[in-house]
Each structure stands twice: as C-alpha cells, then as structure tokens.
There are 4 protein chains.
Amino acid sequence: MKEASSKSPGRPRSAKAHQAMLRATLELLGEMGYGAMSIEAIAARAGVGKTTIYRRYSRKEELVADAIESIREEVLLPDAGSLWADLDAVIENAAQISLTPIGRQAVAMIISSAASNPGFAQIYWDKYLEPRRTAFARVIDRAKVRGEVDQALDPGLVFDTLSGIMLYALIFPPVGQSWQDYVRGALGLIFKASDECP
Amino acid sequence: MKEASSKSPGRPRSAKAHQAMLRATLELLGEMGYGAMSIEAIAARAGVGKTTIYRRYSRKEELVADAIESIREEVLLPDAGSLWADLDAVIENAAQISLTPIGRQAVAMIISSAASNPGFAQIYWDKYLEPRRTAFARVIDRAKVRGEVDQALDPGLVFDTLSGIMLYALIFPPVGQSWQDYVRGALGLIFKASDECP
Amino acid sequence: MKEASSKSPGRPRSAKAHQAMLRATLELLGEMGYGAMSIEAIAARAGVGKTTIYRRYSRKEELVADAIESIREEVLLPDAGSLWADLDAVIENAAQISLTPIGRQAVAMIISSAASNPGFAQIYWDKYLEPRRTAFARVIDRAKVRGEVDQALDPGLVFDTLSGIMLYALIFPPVGQSWQDYVRGALGLIFKASDECP
Amino acid sequence: MKEASSKSPGRPRSAKAHQAMLRATLELLGEMGYGAMSIEAIAARAGVGKTTIYRRYSRKEELVADAIESIREEVLLPDAGSLWADLDAVIENAAQISLTPIGRQAVAMIISSAASNPGFAQIYWDKYLEPRRTAFARVIDRAKVRGEVDQALDPGLVFDTLSGIMLYALIFPPVGQSWQDYVRGALGLIFKASDECP
DNA sequence: TCCTAAACGAGACGGTACGTCTTGTCTTTAG
DNA sequence: CTAAAGACAAGACGTACCGTCTCGTTTAGGA
C-alpha cells in the first residue's frame, strides 16, 4: 500500500531559523519586557528576516506564547505523602516558574492579551492552566483518600482560588514575607477550615 | 483670613481642556482598549494639543489612572445584617465596576502596567485597593462581633484571596454560571467552615 | 564532418516556460509599465518559478529586451518612388511601434536603462537602431540618385536627428497636431532646402 | 489698513531641514543614481526624519525635481554677434548641464518619469525647457534681423529638433568626436540649408 | 530499463525599502 | 505663561520584492 506522502511543495521551513527566533524572543522578553519588545529587534537578534517571523506568526502574542511554550516543562506532581507536602510542591513549582524575570513577563503578556483579546486567553488555559488543574485534582483526590479534606471539596474551584491568589501576589507582592509563605497562608484559609470541623 | 493666593503668573490651565482629555480618554478606553489607544488619538478626540496632555502627565498610565479616578465612586459598605449579605454587597459592587467595558480595560491596564513596571502598582493599591481593603476589614469585624467567623481570621488575607479569585475570573470567565455566583462559590471555600461547624 | 552535438546532459530548458514568461512580460509591460513590473509578478502570471526566469536572465532589462525582441518585425523600406514618400513610410513605421502602450514602455525602458547603465544601450543600438539606420541610409542613397538631396548629405546624421526629434516628441507630445505631422514638420527643416532651391 | 497676516498656526517648516534634504538628494543623485537612491538613504544622509521628507514631497520625482531646480542657473543668452556664435553658446550651456554626473542623472529621471507618468513631464517643460525655448527664440530672431536665416523659420521647431538630437546624443554618445561637435554637426543640417540657397 | 543530471514549480530564506504611524520634544502665533 | 497647532528626529510597523537557496518532481539522453 502506497503511503500518501502529501508533502507540501517548495522549500520547507527552516527549523534553525525557528529555533533562533524563539530563542531571541525569550532573551529579549527577559531583558526588556513584553511591551517594549519589537518584532524588528527579535528578527535582528535572531539573525532572521522579519518576513520569516511574520510568515509563522501574525501577532506578537502568538510568537511569545510559542516561545514560552517551547521551554515549558512537564507537570509532575508526585505523591509527597500528605496534603500540605503536596501543596508545598505545587506552590514551589509555581514559584519557580512565576518568579523568574521571564516568568513575570510571561504572566504580564498572558494577562495583558487575555484582557484585550478575550478569546486569546484560551491558549494559556489549554496549554498551561488546564494540565495543572488536572494534576491538582489528583492531589486533592489523594487527600480525600487520606481523609485530609472534605469529600465534597471541588478541586477545580480550589485550584482557581489558588491561581487567583498567586496572580494577585505577583502583581502586588507581599511585604514582610516570601511569595511562597504568603500563598501558603492564603491556602490555609481554605484547608484550615476543613481540618478543624470534625 | 486671606487665602494663600500664590497664583502662578500667566494663563491658568484650562479646566475645560482637562475635562475634555479625561472624557476622551475614557471614551477611547472603552472603544479600543488600553494598548491600542494612542496619546495622539486622545488629543485629537479631545480637540487638545498633545503638549497640553504631556504637560500634565508624563505617562499614559497616569492619564488613564486619572481618568478612571475621575469617575470612581465612593466605597460604601453599610451593615447588611449578616456576613453573607455583606459579602454579596461586596461582590456586587466589584461586579458593577469590573464587568463594564471600561472596567475590563481598567483592570487590563492596572495589571499590564503593574507587571511591567512594578513600582507603578502602588497607585492602584493606594487609590483603589487599600480603601476597599479597609472597608472590607470592617465587614469582617462585624462578622466577628456577630460570632460568624473565627476571631483570629486575618481580614486582609481574606480580601486578597477574594481579589485574587475575582481577578482570575475576569481573565478566565467561568462557564455555566455568572461571575458573581462563581466568586461566591469560591468565597464559600473560606467561609463554609464558619457556616457549617457550629 | 562531425556535427557539434554538444548537447548538455539533463533536462533541456522548457520552450513552453520560455514562451510563457515572454508573453507574461509583454502583458505586464503594457498593463503596468516597466518600472512597476516585478519579476515576482511576471513569474506568477506566467505560472513559472522565479528560478526559471533568473536561470535565463540576470537583469530585468535583459528579460524585457528579449520579450520585445520576440515581437520585433522586420525592417522593410521599399522604394516608394520619392524622398518624401519614403520618409513618410519611415515615420509611419516608427509611429506604429512607438505609439502603442507597449512601445512607449519599451522606449521608457530603453532610455531609462541606457542612461543609468551606459553600456546597456548597446543592445538597443545593435538590435533596433542599427538595422534601421542602415535601411535609412538606403533611402537617402535612392534620393541622391534621384537628385533630391545633396550628394554630401550624411545619412547617419540625418537618421540620428530624426530619431532625436521622434524621441523628444514621445516625451513631450506635440499639441495641436499629430505626432507624425510634427515629426514631418521637423524633418522639413532639414529637407526644405533640397525641396525649395532648385 | 490691516494686513492679512493669515499665518498658519503651529511650528513652521524648518528651512534648515529643507536645505539638508535637497543637499543630500543632490549628493546621492550624483553618487548612486536616480533609480538606486532610496528615500531612506536621503533622510539618513540629511539627518532628517523620513516623515519630514514625505510631508513635503509625495514622490521621489518631486523631491529630485526640486533639488535640481534649487541649483538651476539663470538662462542667459547674450548676443554673441552671429548665429553660429550664439548657437555655440547654447550648445556649450547645454553641455555643461547635461554632461556632469548630476546632469546625466537628471536627464535619466526626467525621461524615465516622463514616460511612465505622462503628466509629470510638464514640470520639466515648464521649469526647464520652456524658458530655454523662449530664450532660443530670441537667438533666432536676432539671426533673422541679421539676415542669417529664413524669415519663415519656426524657432520652436528648431529648438525641439536641437533638444532631440542632444537627448539622443546623451543616450547614444557619439564615437570619435565630442558631444558638442556632434550636436553642432547635426545643427549644420538645418542651418547649412538656409545658408546655401540664395 | 535503469541512471544521471539538469530544469522545473513552489516557496522559504536574509535583506532592503517602502510609506504610515506614534512617540516625546520643540517652535510658532494667539489669548 | 499657557493653549492650539503642528513640525521635528527617531524608529517600529507590516508589506512587497529582491536574488538566492532548498525541496520533491519531471524529463530527457546515455548506459
């Protein structure tokens, strides 16, 4: 049986150029921030024609999203033995992503474009949040099995609340304590309650 | 007593021009969004020279902040009789501000500039959040008096968590229920214990 | 004697592609003019790869020259019986070439490239002007035999002067009379003497 | 009586910037030729924003025309005593303009744009040719007074023929003799006739 | 019937220049 | 001394072509 080798004609797109532009994007994102970063500068830094960028991405958001995507690590939340050990792992993981210069810029872009172009938030939801949301649900499930939290607790809602406070703490950094401790304190509002009742 | 008539010499600044530029800023903010809005366009719409804008504000954020400030309403949180009645009032108040087109744009700007220019978040903290945070503390205090919540509850932390989930719900709007109901659900995670335990 | 069958190996150049590109060149030359015509557009119109054009021609001038050459007619100047009858035939012939849209564009290109790339004028001299110059010399020779002009008259110089006035009339079209009549009038300056004196 | 001081408001256009751009245009015109000269390069050389050029001229031709115009000298054709002495002055004057690098480029542009944009030839006619045509008419008139040429001779037609041959000799430079001698020879075709008859 | 080799269409590549837009500053006249 | 108007230098925008460079696919001999 013959394979349908439906390769498109013409010269294939250069993987080298693609890598170079993602790399340059990340560098400049860290150096000068999302808003101040021009396509022209990215092209120059990558040693690539502007056309080569515009051929792949029609908006700056798309390019940056792809660049960030390219360095995204796998979501790994192994069972640490207890609810709070698991939560600490989640918080630490988020901290390592959000507190780097590039992480802050990524958050800036996500929020900035999400607000002005509502449909665009979907990308970040699908690529970033949703996988984490699913992984977090397993953390809560394990806690339910251990009897650490109420069986009726909605894992998604907890994740959203956690994300919200993390986001807030990025914009208005807590004074007097670390970002992680602050988030942990807020998380205590939710889980202390469940702990104390019975 | 004579007033300190330390009038500076020359033509006084035109209040009419000032009003016109704030008005034009708000209009364009609603029409095309914060990022797409140029100083040039604001000046043209207001029938005002660019210089007249630059004389008063050196950054777009300042102008927009002032424009938003000009329509801000007073924070009023009267005692509604119970914790949840008060919380509903808080949520509804936030909804009326955040869910309008201009409100969304304001949030976009706040977040966008806060993330890229960390020190700039202070303005929004001082002018918008802090007054609400203080008012919210009174709500919690009343709940404590009524015995509805734990005496040790940190009102600021609750406010921050509430703000976080509101922010998150603006960026990733909930599906299947209203913004208000969603926020109320998340708030339930915190106050459920107080409701259910006794 | 062995034939020089020095056929190069590999696929021979496609006559069909060659025809298509010359045809497309002439069409676009008439439609949008020499300067505004891009190689890219020619290739697209001809349904031919850009490479196929660049393999044959390294400059736009060469392609256009070849395209024009491909429709060039033979120079035929039969004896019309008298000097002015012959001259009228020459003028009419030039008019039919120069006054069409494609003719004007050809002249534009010839002049434009000749001025900026002096050595390039040679092509047009060799392919277009020189044959006509030679044919014109025969017209003058016949007139000398008939005694219509001075024996010492330099046919080349007359041809050049005639070409000059034709060129001038193309650039600055005469008002109030036809191009042909205007050229005829100018030619009268030269041949008037011969007409009137005897 | 009050003067109509209808000065337009706003900052007036900078004469310094204008001078700089004309100067840069002429320099580059001589250095790299009309076709190869980009607006971008002119702006850079002049130390002027591109906008400042586009504010004044919408086409490259207009800018170049103005630049050339700015160095144009007055047409002076004093009575040299005889027809041929006057003609020699005319030829020499034309040579000094047309045979410089900048002159050749100017001719290239005039012809190039005249052919592709017919209405545009008018500028060169009005600014350059017409004044010379009028001045030349006086030369012929003086010759008529002296009895050197036929009273019926049309000065405009002679001027056009002269311009034509000059143009032709610029594009296809004569070999074996100077441009001036060549033009003089062609002019002989016209004036020898008138001389010889009686 | 394969093999070699060039030409083919398609289209991506690094660039240059385009003409427009915006930025923040400067310079004028009018009030 | 401010207002409006608008010119200024600078530089990014997204587009169009440039001439070059892969690709995979014909299309011919010569073996």
Side-chain angles (χ1 to χ4, degrees), chain A residues 5 7-14 16-18 20 36-44 46-56 58-60, chain B residues 7-14 16-17 36-41 43-44 46-56 58-60, chain C residues 5 7-14 16-18 36-44 46-56 58-60, chain D residues 5-14 16-18 20 36-44 46-56 58-60:
Chain A
S5 75
K7 291 291 267 305
S8 63
R11 179 175 176 175
R13 295 196 174 166
S14 159
K16 211 175 82 180
H18 203 121
M37 181 178 56
S38 72
I39 298 283
E40 206 121 42
I42 295 172
V48 142
K50 271 196 296 179
T51 321
T52 305
I53 294 180
Y54 282 114
R55 196 173 289 121
R56 292 165 163 79
S58 49
R59 297 198 210 98
K60 193 164 63 160
Chain B
K7 292 291 265 308
S8 59
R11 177 175 175 175
R13 291 193 177 172
S14 157
K16 210 176 81 180
M37 182 177 57
S38 70
I39 299 285
E40 203 109 38
V48 141
K50 270 195 300 178
T51 323
T52 307
I53 294 180
Y54 281 114
R55 195 173 289 121
R56 292 166 163 81
S58 50
R59 292 199 214 84
K60 191 164 67 162
Chain C
S5 79
K7 290 296 262 310
S8 59
R11 178 176 176 177
R13 292 193 177 170
S14 159
K16 210 175 81 179
H18 203 122
M37 181 177 57
S38 71
I39 299 284
E40 205 115 35
I42 295 172
V48 141
K50 271 198 294 180
T51 323
T52 306
I53 294 180
Y54 280 113
R55 194 173 291 121
R56 291 165 164 80
S58 50
R59 293 198 215 87
K60 192 163 66 160
Chain D
S5 76
S6 66
K7 291 295 265 305
S8 63
R11 179 176 176 175
R13 295 197 175 166
S14 158
K16 211 175 81 179
H18 203 121
M37 182 178 57
S38 71
I39 299 284
E40 207 121 43
I42 295 172
V48 141
K50 271 197 296 179
T51 321
T52 305
I53 295 180
Y54 282 113
R55 194 174 292 119
R56 292 165 163 79
S58 49
R59 296 201 211 93
K60 193 164 64 159

For a quick test of reading the model: is some side-chain N or O of R56(B) closer than 4.0 Å to OP1 or OP2 of dA3(F)? yes
Next item on the list: Give S58(D) one of three labels, base, sugar-phosphate or nothing, depending on what nucleic acid heavy atoms sit under 4.0 Å from its own.
Entry: nothing
Inset, instruction - Indicate whether OP1 or OP2 belonging to dG11(E) is found under 4.0 Å from a side-chain N or O atom of R13(A). - result: no
Rounded to whole Å, the CZ-P distance (R55(D) to dA7(F)) equals 5 Å
task: Indicate whether OP1 or OP2 belonging to dA4(F) is found under 4.0 Å from a side-chain N or O atom of T52(B).
output: yes
Rounded to whole Å, NE2 of H18(C) lies from C1' of dC8(E) at a distance of 15 Å
Winner on side-chain proximity to Y54(A), out of dC8(E), dC13(E), dG14(F), is dG14(F)
A20(A) and A46(A) have their tightest heavy-atom pair at O-CB, 3.4 Å
_For a quick check, tell me whether the side chain of K50(D) and the base of dG19(E) share a donor-acceptor pair closer than 3.5 Å._
yes
For R13(C) and R56(C) the tightest heavy-atom approach is CB-NH2, 3.4 Å
What one should report as the nearest heavy-atom pair of A17(A) and S14(A) is N-OG, 2.9 Å
Result for 5'-nearest mapping on DNA chain E, choosing between G10(A) and K60(D), is G10(A)
Exercise. Can you check whether any acceptor in the base of dG6(F) is under 3.5 Å from a donor in the side chain of T51(B), or vice versa?
Key: yes
Looking only at heavy atoms, the pair that brings E40(A) and K50(A) closest together is OE2-NZ, 3.1 Å
Considering only heavy side-chain atoms of P12(C), the closest of dC18(F), dA28(F), dC13(E) is dA28(F)
Atom NZ of K16(C) and atom C1' of dA7(E) are separated, to the nearest Å, by 14 Å
Minimal heavy-atom distance between A43(B) and G49(B), with the atoms involved, is CB-C, 4.3 Å
Heavy-atom donor-acceptor pair, R11(C) side-chain to dC8(E) base, under 3.5 Å: no
DNA chain E nearest-nucleotide lookup for M37(D) and S14(A): closer to the 5′ end is S14(A)
Side-chain contact check for V48(A): nearest option of dC8(E), dG14(E), dG19(E) is dG14(E)
I53(B) CD1 to dT2(F) P, in whole Å, measures 17 Å
Which of dC18(E), dC13(E), dG24(E) is nearest the side chain of A17(A)? It is dC13(E)
R59(B) atom CZ is separated from dG24(E) atom P, nearest whole Å, by 10 Å
Rounded to whole Å, CD of E40(D) lies from C1' of dA10(F) at a distance of 12 Å
